[in-house]
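In what follows, a single structure is set out as structure tokens and then discussed.
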Amino acid sequence: MKKIYGLAIETSCDDTSIALLEDNKVIECVTKNNNEDFKNYGGIVPEIASRNHAKNVTDIFEKLYNKHEQHFLHLNYIAYTNEPGLQISLHVGEILARSLSFQFKVPIFPINHIYGHIYSSFINKQPLLEPFLALVASGKTTSLFLVNSPIDIVELVATKDDAIGEVYDKIGLALGMSYPGGPKIDAIFDSKIANIKFSFSQQKNIFSYSGLKSQVLNYIKNNPNVPKQNIASSFQKTIIDNLIKKIIYYKKKFHVNYLVIGGGVAANNYLREQITLFFDKFFIPLKEFSCDNAAMIGYYCYIKEFKKN
Ligand code: KG4
């Protein structure tokens, strides 16, 4: 059967990434992480991010082209991230995609970054198992989707304010932990000492964490003698138990047995432990495809636009 070759470009935030794919297999994905440039700013500066992309895309493309020139002769499509993300950074990727589309005379496909994350669990691994629930939990988003097919993805619960990872990081900072706080809170978690009661309830269709965040930050300020580990453990138990409760509600509602988790918070040990109690199977991406990368953009484009049956 004729092979389909694709080139994918990801520039939505601070990582510049370009991948070459043959059908659903990743031939090579090159990603340049620009974290170092933001160390002194305490976060990403959009202007610097877009300048970095403008330089990186040509360096990475040249490297891939020189190594895999024969595949470029057979290129069938170009996929690029068009939303959500930093506007000018997204434009850098789009301009490259449009120029290459003109050069190689192949169609371009704009791809949603979050949908890429949802399907990243299946790259170079398991077959697809729709329908499934997909949780994307990172420093930028907390969303739950019902995935019936690559073209039928329904957002069930949307991010209303702070993303879950962002709250972990802010509470971590208040507890004296350096960024990112998520893995550090997780590392000292002990359910036996999670005995501080934080009140926390939410509507079914939103993830809203700013109230819980303020409550925990105030508690830290007003109770300097309570051990950090007790506060961190109580916070983690509250936020993850609530997250699990919500996922279980939708699992029952839609009768689905599989869950896919993407984004940095998917690494959380307590979350994983709790999920195995409720789901027959859950999927997380291979390490190299869990952070922002172009392979997931190409993979999702391939299964959406080219995969038969
Ligand atoms: O998806 P990701 O790598 O990129 C961004 O969204 O920027 O997610 C990073 C987030 C950070 O907020 C970090 O604290 C959180 O994921 N994180 C965790 C854990 N590992 C990373 N949160 C809770 N538990 C963890 N083990």
Side-chain angles (χ1 to χ4, degrees), residues 10-17 31-39 41-46 49 52 81 83-86 89 112-121 123 134-144 159 161-191 194 207 209-210 212-213 216 229 231-244 247 260-276 282 284-297:
E10 155 65 40
T11 58
S12 65
C13 193
D14 58 331
D15 293 323
T16 317
S17 184
T31 302
K32 176 139 181 13
N33 176 280
N34 301 304
N35 275 349
E36 275 299 298
D37 293 341
F38 304 111
K39 236 174 39 193
Y41 296 93
I44 293 157
V45 183
N52 282 340
T81 304
E83 62 170 354
L86 302 171
S89 293
N112 182 303
H113 177 83
I114 304 289
Y115 295 174
H117 268 305
I118 291 175
Y119 275 87
S120 66
S121 283
I123 306 176
L135 173 74
V136 181
S138 70
K140 299 186 282 278
T141 184
T142 326
S143 296
L144 185 69
T159 316
D161 38 54
D162 299 43
I164 186 165
E166 196 180 345
V167 176
Y168 262 98
D169 296 335
K170 286 177 181 163
I171 288 172
L173 271 183
L175 290 171
M177 299 163 179
S178 61
Y179 175 88
K184 286 149 200 152
I185 290 176
D186 191 25
I188 60 166
F189 175 74
D190 181 351
S191 62
F207 283 121
Y209 293 118
S210 66
L212 177 66
K213 177 191 71 181
V216 179
Q229 195 183 4
I231 304 175
S233 299
S234 304
F235 157 70
Q236 170 150 307
K237 184 152 173 31
T238 307
I239 203 163
I240 299 294
D241 283 352
N242 176 279
L243 181 60
I244 297 286
I247 296 170
V260 163
I261 329 180
V265 183
N268 189 272
N269 290 304
Y270 180 57
L271 172 65
R272 287 179 180 212
E273 178 196 302
Q274 291 299 303
I275 279 166
T276 51
F282 79 95
I284 50 166
L286 293 170
K287 205 157 179 257
E288 63 266 40
F289 305 126
S290 60
C291 294
D292 292 353
N293 66 86
M296 67 184 193
I297 302 302

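Not measured: the values here are computed from a predicted model. Read the numbers this way: they start at 1 and go in the same order the structure lists the ligands and their atoms.
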Would you say ligand 1 has an N or O under 3.5 Å from any N or O of [X]?
{"X": "Tyr179", "answer": "no"}
{"X": "Gly182", "answer": "yes"}
{"X": "Asp169", "answer": "yes"}
{"X": "Cys291", "answer": "no"}

Which of the numbered atoms in ligand 1 are under 4.0 angstrom from any heavy atom belonging to [X]?
{"X": "Pro180", "result": "13 (C), 14 (O)"}
{"X": "Gly165", "result": "12 (O)"}
{"X": "Gly263", "result": "1 (O)"}

Quick one: look at Asp186 and ligand 1, take heavy-atom pairs under 4.0 Å, and tell me if it's side chain, backbone, both or neither.
side chain
Side-chain heavy atoms of Cys13 within contact of Lys140, under 4.5 Å:
yes
May I ask you to decide if Ala163's main-chain N or O and Thr142's side chain share a donor-acceptor pair within less than 3.5 Å?
no
Has Gln229 got a side-chain atom pairing as donor or acceptor with Ile188's backbone, closer than 3.5 angstrom?
yes
What protein heavy atom sits nearest [atom], and how far away is it?
{"atom": "atom 15 (C) of ligand 1", "value": "Val265 CG2, 4.0 Å"}
{"atom": "atom 24 (N) of ligand 1", "value": "Asn268 ND2, 3.0 Å"}
{"atom": "atom 10 (C) of ligand 1", "value": "Gly139 N, 3.7 Å"}
{"atom": "atom 4 (O) of ligand 1", "value": "Lys140 NZ, 4.1 Å"}

Side chains of Asp186 and Gln236: do they bring a donor and an acceptor to under 3.5 Å?
yes
Of Asn112, Asp292, Thr141, Ile261, the residue whose pairing with His117 passes side-chain contact (heavy atoms from CB on, under 4.5 Å):
Asp292
Consider side-chain contact (heavy atoms from CB on, under 4.5 Å). Of Leu243, Asp169, Leu135, which one does Ile164 pass it with?
Leu243
Between Tyr270 and Phe189, how do the two ring planes meet: parallel, tilted or perpendicular, split at 30° and 60°?
tilted
Using 30° and 60° as the class limits, which term best fits the ring planes of Tyr209 and Phe207: parallel, tilted or perpendicular?
parallel
My understanding is that we take every heavy atom of each candidate and find the minimum distance to atom 1 (O) of ligand 1. Doing that for Ala187, Gly264, Ala267, which one comes out nearest?
Gly264
Scanning both residues in full, the closest heavy-atom pair of Pro84 with His113 reads CD-CB, 3.9 Å
